[in-house]
Visitor: 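I have a structure here, written as structure tokens, and I will follow up with some questions on it.
Side-chain atoms are counted along with the backbone in the values below, which use heavy atoms only and exclude waters and symmetry mates.
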Amino acid sequence: MRVLKFGGTSLANPERFLQAAELIEKAHLEEQAAGVLSAPAKITNHLVALSEKASQNQPTDTHFNEAVEIFYNIINGLHAKNNNFDLAGTKALIDAEFDQIAGLLDEIRASGKVEDAVKATIDCRGEKLSIAMMKSWFEACGYEVTVVNPVEKLLAHGTYLESSVDIVESTKRVNAGSIPKQNVVLMAGFTAGNEKGELVLLGRNGSDYSAACLAACLGASVCEIWTDVDGVFTCDPRLVADARLLPHLSYREAMELSYFGAKVIHPRTIGPLVQNNIPCLIKNTGNPTAAGSVIDGDENATEELQVKGITNLDNVSMFNVSGSGMQGMVGMAARVFSTMSKAGISVILITQSSSEYSISFCVPAKSTERALTVLNAEFAHELQTGDLDPVDIIRELSIVSVVGDGMRSAKGIAARFFSSLAQANISIVAIAQGSSERSISAVVPMNKAIEAVKATHQGLFNNKKSIDVFLVGVGGVGGALIEQIKRQKEFLAKKDIEIRVCALANADQMLLNENGLNLDNWKEDLENAIQPSDFDVLLSFIKLHHVVNPVFVDCTAAQSVSNLYVRALREGFHVVTPNKKANTGSFAYYQELRQAARQGRHKFLYETNVGAGLPVIENLQNLLAAGDEVEKFEGILSGSLSFIFGKLEEGLTLSQATFIAKEKGFTEPDPRDDLSGADVARKLLILARETGLPLEFDDIEVEGVLPKGFSEGLSKEEFLKILPEVDAEFSQRVEKAKAEGKVLRYVGSINGSKCRVAIEAVDENHPLYKVKDGENALAFSTRYYSPIPLLLRGYGAGTDVTAAGIFADILRTLQGGA
């Protein structure tokens, strides 16, 4: 005998109902089959709503009519497939059942309340009618059918709405030997009978449990749970796209997973099967040829995975019973948990401090107020005397659990679990490990549960690392970055790295896609976007889609965008930027940024603030971390000025060199932004602050390339027209330096606490003498690098070079630490 259970989605319409019938028939022809059926999808929700709304004297017609229509649709489809199907008789049965429901609803309205016994008989009508329809179908196909009445055959103990089956007594009642071998066996799920013969329910979604009970009573060879997924996955595949199908689980693993929230199987299903060593097979009605997942008693099966699954159990409250008087007080734990037991409250997770100062435990959120009431009553004396502190409750929590038999012998699972949560910036409220060593659980805020599952799955199951980029600013540098990301996609895939650009934004509009934007026509798509640029929308987006590793990339030069960095870091973003405004604003904001990054364990990366793609900041930070000290610094920090001053050596005038630099895209749109020296001063300030100097921008002494006041009040176009007016004077400076065997360079320098940017004449022995053509060069004289300085040299201008530096920073967000 094989028992096959079909859930609501597998019976939702005529096509799926017929597919379930076909699977039962196929199993019956191979080995006698018993089908256990749920109500068709949506039916139970409608039935529950009927009694609830009737008790509140609210309209029920919509739920009533929609439920009837679902059944009519199914039987009409069955009759269309086989005209032997008793359409009239089955319709009459449906009408009679709903007439009874209508009568019960009138009684509920009159009394203003719904008794549990009445609610039970209404809620289970869907299962009863599923069996009636399936029985009529098999009889139309020429089969004899035995219907097991669960109210008569399954003895259960408990309440009308939540009971447990007595397998020993029920086995005697079912008496498998009395069922003819040629008969198809059918039984409604979700229901059983108590000692008085009254109908009781086995808990919401209890049809899996019904099937397991029937399998145990019949001594079945297998219990098959047919659902809408291919089997048991490492976690919910709707949350994690690359969740893995598990071909095998032990009974204990399945029980742990279901207990801690796995949706694919009811928590109580495994118990009856374990006692009789009956394997359970999870299959997909929509993909019946898939292998599915087998659950059995083999705990030593050779498996690749030490961890089998990650689950989250939501809507949990944590209680903390604590107080100085608890230390050494005998029997406190017993009193706490016996109080919960007497109140009928399920305790999901327990943790106790080694000092005996506190006991913490979790209960379902729906039991919170009841639990508080009974605890306050039990410990009224201790609370009054101050031996106990007031009971502390933390609400809206989830329990995220990692489960697997292989965890007993594996090392480092807990470390990887908690590291994954830390990297996703998820705070842990409590931790518990089962004595079986098959599970480790962390209690986390419920609004972070999905991120926790995603991050843990990536940390434990997936070598592939994902980065979700939110890019603001798609001009020259931003556009070049997008093209580099597109170009490097295949290369990174070989290293198990995926960069998804989930957002593109300019000053006016933005594009969003949680799975990553198609970048083939990104310019046109962004021009046609209807979503206005809004940072609050970005924040809502990462929370809505539970993005684990979001990176906010600012490729603008806007102060308004840099002002968002602290908030971005606190809200869960890494921040990567070439925009110097944040690091050169007030020193207070500079410090606040770093504090936000440390506290949130997120990265604030700005390598391209100084030297474009040169690894300046990282090398300087490494030197300082190793105990080195900067004694002196000199550098050419502007690629555009490096190019311009190099051209002066070739005999070009200042205006000619500037025009060429502008045409090549080396300068800012308005070259005065480069020639003023302000950009170099900002870079020098960043370096000075990195060395520990608490300076403001005004502390930098700046000598611009142009005379003071030159072109003040003029437009960019007007400035470019009059720029040749300074050529003669500047050429004289060039010639004077040349006569002394020197060249002019625009240099930023740090001596002690003094910072200066200015034009300097340097000779051939100076490390900056040969630096030109857009190169940057930075000479650090340190305690370790002296008298010969550490020299970093390379191109410091151009969109591609800068974009490459940003790209490298984006990849650095995958590294651990803040």
Visitor: Could you give the distance from OG1 (T456) to CD1 (I426), rounded to the nearest 0.5 Å?
Guide: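 The CD1 atom of I426 is 7.0 Å from OG1 of T456, to the nearest 0.5 Å.
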Visitor: Taking side chain as C-beta onward, heavy atoms only, is D536 less than 4.5 Å from L539?
Guide: yes
Visitor: Given side chains that start at C-beta, do those of E634 and R745 come closer than 4.5 Å, heavy atoms only?
Guide: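 No - every pair of side-chain heavy atoms lies 4.5 Å or more apart.
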Visitor: Output every pair passing side-chain hydrogen bond (donor to acceptor under 3.5 Å, both in side chains) with a member in residues 670-681, not counting sequence neighbours, ordered by first then second residue.
Guide: K580-D679, S640-D674, D670-R672, R672-S711, D679-K683
Visitor: Sequence neighbours left out, what pairs pass side-chain hydrogen bond (donor to acceptor under 3.5 Å, both in side chains) with at least one residue falling in residues 507-528?
Guide: E483-W522
Visitor: Going through the distances and angles, do L504 and I482 end up as a side chain to side chain contact (heavy atoms under 4.5 Å, CB included)?
Guide: CA-CA 10 Å; L504 291 176; I482 294 169; 3.6 Å; yes
Visitor: Kindly indicate whether a cation-pi arrangement holds for R689 with Y590, taking the cut-offs as under 6.0 Å to the six-membered ring centre and within 45° of the axis.
Guide: yes
Visitor: Filter on side-chain hydrogen bond (donor to acceptor under 3.5 Å, both in side chains), then keep only pairs touching residues 549-558, sequence neighbours left out; what's left?
Guide: N549-H574, D554-T556, D554-Y565, D554-N579
Visitor: Under a 4.5 Å cut-off applied to non-hydrogen side-chain atoms, are I310 and V240 in contact?
Guide: no
Visitor: Does R793 use its side chain to pair, donor to acceptor, with the backbone of A777 at less than 3.5 Å?
Guide: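 Not a single qualifying donor-acceptor pair exists.
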Visitor: If we only count heavy atoms from C-beta on, is the V705 to F645 side-chain gap below 4.5 Å?
Guide: yes
Visitor: Aromatic ring centroids of F633 and F780 under 6.0 Å?
Guide: yes
Visitor: Does I440 reach the side chain of F418, with side-chain heavy atoms less than 4.5 Å apart?
Guide: yes
Visitor: Apply salt bridge (Lys or Arg N to Asp or Glu O under 4.0 Å) to E571 and K543, showing your working.
Guide: CA-CA 9 Å; E571 292 286 355; K543 291 174 182 176; 3.1 Å; yes
Visitor: Side chains of L512 and L538, heavy atoms from C-beta outward: is any pair under 4.5 Å?
Guide: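 A side-chain contact exists here, since the closest heavy-atom pair is under 4.5 Å.
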Visitor: Hey, are the side chains of L687 and V616 touching, using non-hydrogen atoms and a 4.5 Å cut-off?
Guide: yes
Visitor: Determine the minimum heavy-atom distance between I428 and A442, stating which atoms define it.
Guide: CG2-CB, 4.1 Å
Visitor: Looking at E668 and K716, does any basic side-chain N land under 4.0 Å from a carboxylate oxygen?
Guide: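 No salt bridge links E668 with K716.
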Visitor: Checking the side chain of E253 only, and the main-chain atoms of D405 only, is there a donor and an acceptor separated by less than 3.5 Å?
Guide: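 At least one qualifying donor-acceptor pair exists.
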Visitor: Could you tell me whether the side chain of N776 and the main chain of G639 form a donor-acceptor pair under 3.5 Å?
Guide: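 Checked: pair present.
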Visitor: With a 4.5 Å cut-off on side-chain heavy atoms, are L790 and T782 touching?
Guide: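 Of all side-chain heavy-atom pairs linking L790 with T782, none is under 4.5 Å.
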Visitor: Run the side chain to side chain contact (heavy atoms under 4.5 Å, CB included) test on L811 and L492 for me, step by step, so that the C-alpha distance in whole Å, both residues' side-chain angles and the decisive distance to 0.1 Å come before the verdict.
Guide: CA-CA 10 Å; L811 293 174; L492 292 175; 4.3 Å; yes
Visitor: If only atom types and distance count, is the side chain of R244 paired as donor or acceptor with the main-chain N or O of F461 below 3.5 Å?
Guide: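 Judged by distance alone, yes, a pair lies under 3.5 Å.
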Visitor: Should we count CZ of F587 as having more than 12 external heavy atoms under 6.0 Å?
Guide: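 Buried by this count: over 12 neighbours within 6.0 Å.
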